[in-house]
2 protein chains.
Amino acid sequence: MKSFKFKSLKKKEQLCSLGSISKEVYFVKSGLLRLYYLHKGNEITAFLFSENLFASAFPSFLEQKPSEQVLEALENTEVFFISKDNLEQLYKDVPKFNIVTRKLAEQRFINAQRFFVSHLTQTPEERYRQFSQNFPDLIQRVPQHIIASFLGITPVSLSRIRNRKKKSV
Amino acid sequence: MKSFKFKSLKKKEQLCSLGSISKEVYFVKSGLLRLYYLHKGNEITAFLFSENLFASAFPSFLEQKPSEQVLEALENTEVFFISKDNLEQLYKDVPKFNIVTRKLAEQRFINAQRFFVSHLTQTPEERYRQFSQNFPDLIQRVPQHIIASFLGITPVSLSRIRNRKKKSV
DNA sequence: AACTTTAATTAACAATTGTTAATGAAAAGC
DNA sequence: GCTTTTCATTAACAATTGTTAATTAAAGTT
């Protein structure tokens, strides 16, 4: 457990920048991290990590190759983190740790698939409704254009959806 | 390795039906499996498992709860499979197996996230183009309305996309 | 506090998709 | 081989989204 260290971030600081090789995995103690891609000049949000979640630029971290993802603080944020080397050492010292992380990875896969399927089954409007139900705090804390990119629509379209919703309530 | 057994399936046979609890994980030796959800009466394809891929109704298998997913043969298919119990035993007998499956789960997560992001960054038309490039064999083998549901559009819309593409080539 | 930059809303128009329905083609069943 | 069912295409219309641009609101900076 001494493998984990502490870091304090100011808003907009990056834990993994574009093209860099991610060396650490993070646990969000307080604040909010955002994982995004740059696609045709736009920031496409892949995930939001709030308190008590593990966060990482996973493809880069696992395969130790330049990251296509950026991991950035949306607010002033405090994290615990462990380096790639220390994590490998931990696997050696405590083999049972493989079981823990295996189950974590499995759970993450299930979540990712669930997110994926929500894009197959739901309209943007339904996704927004569900998102605001599941994460009412994020609706408050996260700028709308970032939520829009996470839902796979433009900020303009999200604004219209919110407007429609308002009238129907 | 004796934990793995062999099974031969005819087209449309199900390895995991709706509401059942999945007891096995599969490896496709030949043929094609489809994983889908039922949503408002429509079959929404979540994934296609062709030769040499591991397939499962993962959420049901892991948590041993009634499945919302159906795992079904799209063609006559041959699979190897291992039961939940034998897999747990395997973990006990061969602890290193945790490392293997941990890495498998991590890889699956990366793939799922990649799929997810492709829905954020690409239009249905771009997704179809990319799908036909990445899986030219599936385009031939899989009925179009199933591909459409996997791309998150209606069969009608996919037909139009194909038509537009034809003209532009 | 005044200024600058960044966000959110609204409007207008083009393009795409969903929906329903009809037709034609292909596959499956008898 | 014939019938039935399933699948793919096409058409017409409604609804939604994307795009661009202008306006208003909010946030950040000096």
Side-chain angles (χ1 to χ4, degrees), chain A residues 9-13 32 34 36 38-45 48 72-76 118-132 138-169, chain B residues 9-13 31-32 34 36 38-45 48 70 72-76 118-132 138-169:
Chain A
L9 298 161
K10 274 190 286 185
K11 191 172 176 173
K12 292 203 177 180
E13 273 192 81
L32 192 52
R34 172 169 73 118
Y36 65 88
L38 280 169
H39 184 258
K40 296 180 183 169
N42 292 321
E43 297 178 354
I44 307 292
T45 299
L48 298 165
E72 186 177 306
L74 258 182
E75 308 172 348
N76 295 341
S118 79
H119 277 251
L120 298 181
T121 56
Q122 297 181 312
T123 63
E125 183 159 356
E126 289 168 331
R127 284 203 296 279
Y128 175 72
R129 193 160 312 185
Q130 191 167 304
F131 182 85
S132 11
L138 293 184
I139 293 285
Q140 301 303 322
R141 289 160 76 181
V142 180
Q144 262 181 52
H145 66 284
I146 288 178
I147 291 175
S149 87
F150 182 61
L151 295 174
I153 53 179
T154 60
V156 176
S157 190
L158 178 54
S159 175
R160 285 188 288 223
I161 287 173
R162 283 164 50 86
N163 209 285
R164 281 205 296 272
K165 201 184 169 189
K166 221 177 287 170
K167 284 169 188 165
S168 74
V169 173
Chain B
L9 298 162
K10 274 190 287 186
K11 191 171 173 173
K12 292 205 176 177
E13 274 192 78
L32 192 53
R34 174 169 71 117
Y36 66 87
L38 280 169
H39 184 258
K40 295 180 183 171
N42 293 320
E43 297 178 354
I44 306 293
T45 299
L48 297 166
V70 179
E72 186 177 305
L74 258 183
E75 308 171 349
N76 295 341
S118 79
H119 276 253
L120 298 181
T121 56
Q122 297 181 311
T123 64
E125 183 159 355
E126 290 169 331
R127 284 203 296 278
Y128 174 72
R129 193 160 311 186
Q130 190 166 303
F131 182 84
S132 11
L138 292 184
I139 294 285
Q140 301 303 321
R141 289 161 76 183
V142 181
Q144 264 182 49
H145 67 282
I146 288 177
I147 291 176
S149 86
F150 182 60
L151 296 174
I153 53 178
T154 60
V156 176
S157 189
L158 178 55
S159 176
R160 283 187 291 224
I161 286 173
R162 283 164 51 86
N163 209 286
R164 281 204 298 270
K165 201 185 171 188
K166 222 177 288 173
K167 285 169 188 161
S168 73
V169 173

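This one's a predicted model, so the numbers in the text were calculated from it and none came from an experiment. Residue numbers begin at 1 in each chain, while the letters A, B, ... track the order of the sequences.
- Residue A:N163 places none of its side-chain N or O atoms closer than 4.0 Å to OP1 or OP2 of C:dT9.
- Axis angle across the helix from C:dA1-D:dT30 to C:dC30-D:dG1, with five pairs used at each end and values rounded to 10°: 60°.
- Distance B:L74 CG to D:dT6 C1': 14 Å, rounded to the nearest Å.
- Judged as a ring pair (Phe, Tyr, Trp, His ring centres under 6.0 Å), and not counting sequence neighbours, B:H145 has no contacts.
- Pairs of residues two or more places apart, or lying in two chains, never qualify as side-chain hydrogen bond (donor to acceptor under 3.5 Å, both in side chains) while including a residue from residues 152-161 of chain B.
- By the side chain to side chain donor-acceptor pair (under 3.5 Å) test, B:T45 pairs with B:R34, B:S149, sequence neighbours left out.
- Residues satisfying the side chain to side chain contact (heavy atoms under 4.5 Å, CB included) test with A:L38, not counting sequence neighbours, are A:L18, A:Y36, A:E43.
- Under the rule for a side chain to side chain contact (heavy atoms under 4.5 Å, CB included), the partners of A:N76 that lie at least two apart in sequence or sit in another chain are A:K10, A:K11.
- When the side chain to side chain donor-acceptor pair (under 3.5 Å) test is applied to A:K40, the partners found at least two apart in sequence or on another chain are B:E126.
- Within the structure, salt bridge (Lys or Arg N to Asp or Glu O under 4.0 Å) pairs that include any residue of residues 141-159 of chain A comprise A:E51-A:R141, A:E75-A:R141, A:D137-A:R141 (at least two apart or interchain).
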Under a 4.0 Å heavy-atom criterion, the protein footprint on nucleotides 12-30 of chain C, written with B, S and -, is B----BBBB-------S--
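- Among A:I153, A:T123, A:L151, A:V156, the single residue meeting the side-chain contact (heavy atoms from CB on, under 4.5 Å) criterion with A:I161 is A:I153.
- Qualifying salt bridge (Lys or Arg N to Asp or Glu O under 4.0 Å) partners for A:E72, counting only residues two or more places apart in sequence or in other chains: none.
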Using atom names, set out every protein N or O paired with an N or O of nucleotides 3-7 of chain C below 3.5 Å, distance rounded to 0.1 Å.
none

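- Judged as a side chain to side chain donor-acceptor pair (under 3.5 Å), and not counting sequence neighbours, the contacts of B:Q130 are B:Q122.
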